[in-house]
Student: 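Have a look at this one before I ask anything.
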Amino acid sequence: LFMFGGALGIICISLYRMIMRRKMSLHSLVEQGLAKQEFVPYYQPIVDVSSNSLYGCEMLARWQRPGQDVISPMEFIPYVEKSGQILPITEQLIEKAIYEIGKLNWQMTKQIISINVVPDQLESLDVLEKSLNLLQHSEITPDQIAFEVTERKQFTDLTMASDVIEQLRIQGIGVKLDDAGTGYGGFSYIQQLNIRSLKIDKMFVENIGTADIKLSLLDSIIAFGKEAGMEMIAEGVETEEQSQYLAEQGVYLQQGYFFGKPMIFKDFAYFCKSMASQ
Ligand code: C2E
Ligand code: CA
Ligand code: CA
Ligand code: CA
């Protein structure tokens, strides 16, 4: 247990109690969760406000232990990233998501499901191969999948990553730079990895309507994105004011509680239906 001391610092009390009670390591708790298929995808809508239509969704991980509260990814993703268990977890999530989203008839409308990956996962062809395999039995096409990679974490091998991203692109799978403006890589990643889509972090969006210095950062990110002809998606949109401001700046792809929280498939399917009938 103490081997994981560093990571334990950030996990939630309930998870910690469970570990103590069962005298299990977090590592084996995650293993058990994997075996019992406890990692489940939630879906948060991404809306195109210029046409009031659905662009697609972001898949967000949740850990659902039977009879317990849902555990947020903030509690376990940092740990499983270090332990390497993020790889089988992502696989489990993608498999479930492709199966579920496959039921939505998206082939007619070309919506996109955007999947979070860590930089490591873009330094190998594994996630590409596994996704393509899963897609063979699905109505979803590769161009309806995208990967989001955060610029908060560093790549170890940018040359490798840019090769993998090129392979993804050949298959039609897009890559989005997540948390754009908050981390290391920023514009150098965009250039070296030939990234064409930005997810503007909620840290910037939440300053709309204030006089905070971050608002001018938001404006410069948007100006850069426009100049470079990039697709831009703003996350963390909670109010009509934020949504309008972004739309006035030309950022029409928006995601946030204003439209819908991350939800289980059944609720997301209902959300899609009600948007389509508007
Ligand atoms: P992220 O990729 O930046 O995802 C956006 C986070 O903002 C999500 O938190 C989402 O629920 C939350 N959010 C969305 N709209 C709003 C809003 O209007 N207001 C506020 N206050 N929050 C909003 P969540 O689901 O807790 O995920 C946290 C982070 O965990 C994600 O941040 C992502 O970095 C990571 N994560 C989640 N699932 C996965 C996964 O499958 N793989 C990896 N590698 N990371 C994941
Ligand atoms: Ca994301
Ligand atoms: Ca790496
Ligand atoms: Ca973010």
Side-chain angles (χ1 to χ4, degrees), residues 44-59 109-117 119 122 142-155 158 161-162 164-166 168-170 172-260 275:
Q44 186 175 33
I46 303 172
V47 172
D48 183 343
V49 298
S50 70
S51 55
N52 197 26
S53 61
L54 190 73
Y55 167 91
C57 65
E58 176 176 4
M59 177 185 86
T109 44
K110 288 288 159 211
Q111 272 103 352
I112 285 174
I113 170 166
S114 198
I115 297 164
N116 292 285
V117 291
L122 292 185
D143 59 346
Q144 291 183 284
I145 296 223
F147 291 117
E148 296 186 6
V149 63
T150 180
E151 70 159 70
R152 281 178 215 237
K153 300 270 156 56
Q154 265 173 310
F155 284 91
L158 272 179
S162 89
V164 171
I165 289 172
E166 187 52 31
L168 288 166
R169 186 166 293 126
I170 289 168
I173 302 178
V175 173
K176 304 183 192 300
L177 191 68
D178 208 356
D179 307 315
T182 68
Y184 292 94
F187 301 140
S188 79
Y189 280 180
I190 292 167
Q191 222 179 15
Q192 292 191 57
L193 301 176
N194 194 12
I195 285 176
R196 297 169 189 175
S197 176
L198 296 181
K199 293 209 64 179
I200 301 170
D201 193 68
K202 58 175 175 288
M203 170 204 273
F204 301 108
V205 173
E206 73 196 8
N207 289 294
I208 292 170
T210 71
D212 197 281
I213 182 81
K214 288 198 211 89
L215 191 58
S216 53
L217 270 174
L218 172 69
D219 292 341
S220 25
I221 293 169
I222 295 173
F224 170 85
K226 270 191 206 157
E227 184 66 30
M230 297 182 81
E231 176 192 76
M232 286 181 274
I233 302 175
E235 69 172 34
V237 179
E238 291 184 353
T239 67
E240 173 139 41
E241 184 193 9
Q242 291 167 346
S243 176
Q244 256 170 24
Y245 180 88
L246 289 159
E248 279 159 16
Q249 313 299 310
V251 181
Y252 301 114
L253 303 178
Q254 300 179 6
Q255 172 187 358
Y257 297 169
F258 182 58
F259 307 99
M275 265 217 98

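Each residue takes its place number in the sequence, starting with 1. Just so we're clear, the structure is a prediction, and the values are computed from it rather than from any experiment.
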Student: The criterion is salt bridge (Lys or Arg N to Asp or Glu O under 4.0 Å); which residues satisfy it with Asp143, sequence neighbours excluded?
Tutor: Lys110

Student: With rounding to the nearest 0.5 angstrom, report the CD1 to CD distance, Ile113 to Glu58.
Tutor: 9.5 Å

Student: State which residues pass salt bridge (Lys or Arg N to Asp or Glu O under 4.0 Å) with Glu148; sequence neighbours excluded, sorted by chain then number.
Tutor: Lys199

Student: With side chains defined as the heavy atoms from C-beta onward, is the minimum distance between Phe147 and Val164 less than 4.5 Å?
Tutor: no

Student: Write down the atom of Ala234, the atom of Val205, and the distance for their closest heavy-atom approach.
Tutor: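 Where Ala234 meets Val205 most closely, the heavy atoms are CB-CG2, 4.2 Å.
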
Student: If you take all heavy atoms of Ile145 and Ile115, which pair is closest and at what distance?
Tutor: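 Where Ile145 meets Ile115 most closely, the heavy atoms are CG2-CD1, 4.0 Å.
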
Student: What distance do Tyr55 atom OH and Ile233 atom CD1 have between them, rounded to the nearest 0.5 Å?
Tutor: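 Separation between the atoms: 4.0 Å.
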
Student: Taking all non-hydrogen atoms of both residues into account, name the closest pair between Leu177 and Ile190 and its distance.
Tutor: CD2-CG1, 3.8 Å

Student: State, with a plain yes or no, whether a side-chain heavy atom of Met232 is found less than 4.5 Å away from one of Tyr252.
Tutor: no

Student: Under the salt bridge (charged side-chain N to carboxylate O under 4.0 Å, His left out) rule, what do Glu238 and Lys202 come out as? Steps first, then yes or no, please.
Tutor: CA-CA 9 Å; Glu238 291 184 353; Lys202 58 175 175 288; over 6 Å; no

Student: With a 3.5 Å distance limit and no angle check, can you tell me whether Tyr189 reaches the backbone of Ile195 through a side-chain donor-acceptor pair?
Tutor: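 No, because the side chain of Tyr189 does not come within donor-acceptor range (under 3.5 Å) of the backbone of Ile195.
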
Student: Quick one: pull up OG in Ser243 and CD in Gln255 and give me the separation to the nearest 0.5 Å.
Tutor: 12.5 Å

Student: May I ask you to decide if Gln242's main-chain N or O and Thr239's side chain share a donor-acceptor pair within less than 3.5 Å?
Tutor: yes

Student: Enter the distance from Ile221:CD1 to Met230:CE here, rounded to the nearest 0.5 Å.
Tutor: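 Spacing of CD1 (Ile221) from CE (Met230) equals 11.5 Å.
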
Student: Side chains of Leu253 and Asp48, heavy atoms from C-beta outward: is any pair under 4.5 Å?
Tutor: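 SC-SC contact between Leu253 and Asp48 confirmed.
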
Student: Test: ring-ring contact (aromatic ring centres under 6.0 Å, His included). Region: residues 192-218. Which pairs qualify, not counting sequence neighbours?
Tutor: none

Student: Take Gln249 and Leu218 through the side-chain contact (heavy atoms from CB on, under 4.5 Å) test and state the conclusion after the steps.
Tutor: CA-CA 10 Å; Gln249 313 299 310; Leu218 172 69; over 6 Å; no

Student: Quick one: CE on Met203 to OG1 on Thr182, what's the gap to the nearest 0.5 Å?
Tutor: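 One gets 6.0 Å once the value is rounded to the nearest 0.5 Å.
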
Student: According to salt bridge (Lys or Arg N to Asp or Glu O under 4.0 Å), who are the partners of Asp201, at least two apart in sequence or on a separate chain?
Tutor: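 For Asp201 the salt bridge (Lys or Arg N to Asp or Glu O under 4.0 Å) partners, ignoring immediate neighbours, are Arg152.
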
Student: Side chains of Arg196 and Val175: closer than 4.5 Å at any heavy-atom pair?
Tutor: no

Student: Taking Gln111 for the side chain and Leu54 for the main chain, is one N or O donor matched with an acceptor at less than 3.5 Å?
Tutor: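 Yes: the side chain of Gln111 pairs with the backbone of Leu54.
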
Student: Give, for atom CD1 of Ile200 and atom CG of Leu217, the distance between the pair rounded to the nearest 0.5 Å.
Tutor: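 Atom-to-atom, Ile200:CD1 and Leu217:CG are 11.5 Å apart.
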
Student: If we only count heavy atoms from C-beta on, is the Val47 to Phe258 side-chain gap below 4.5 Å?
Tutor: no

Student: More than 12 foreign heavy atoms under 6.0 Å from CD of Gln191: is that the case here?
Tutor: no

Student: What are the two closest heavy atoms between Glu151 and Gly181, and how far apart are they?
Tutor: OE1-N, 3.4 Å

Student: Apply salt bridge (Lys or Arg N to Asp or Glu O under 4.0 Å) to Glu235 and list each qualifying residue two or more places apart in sequence or on a separate chain.
Tutor: none

Student: Can you name the closest pair of heavy atoms from Arg169 and Asn194 and give their distance?
Tutor: NH2-O, 2.6 Å

Student: For the residue pair Ala146 and Ile112, what are the closest heavy atoms and their distance?
Tutor: CB-CG2, 4.1 Å

Student: My understanding is that only residues two or more places apart in sequence, or in another chain, count here; which of them pass ring-ring contact (aromatic ring centres under 6.0 Å, His included) with Phe224?
Tutor: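 Listed in chain order: Phe187.
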
Student: Please lay out, stage by stage, how Val237 and Ile208 fare under the test side-chain contact (heavy atoms from CB on, under 4.5 Å).
Tutor: CA-CA 10 Å; Val237 179; Ile208 292 170; over 6 Å; no

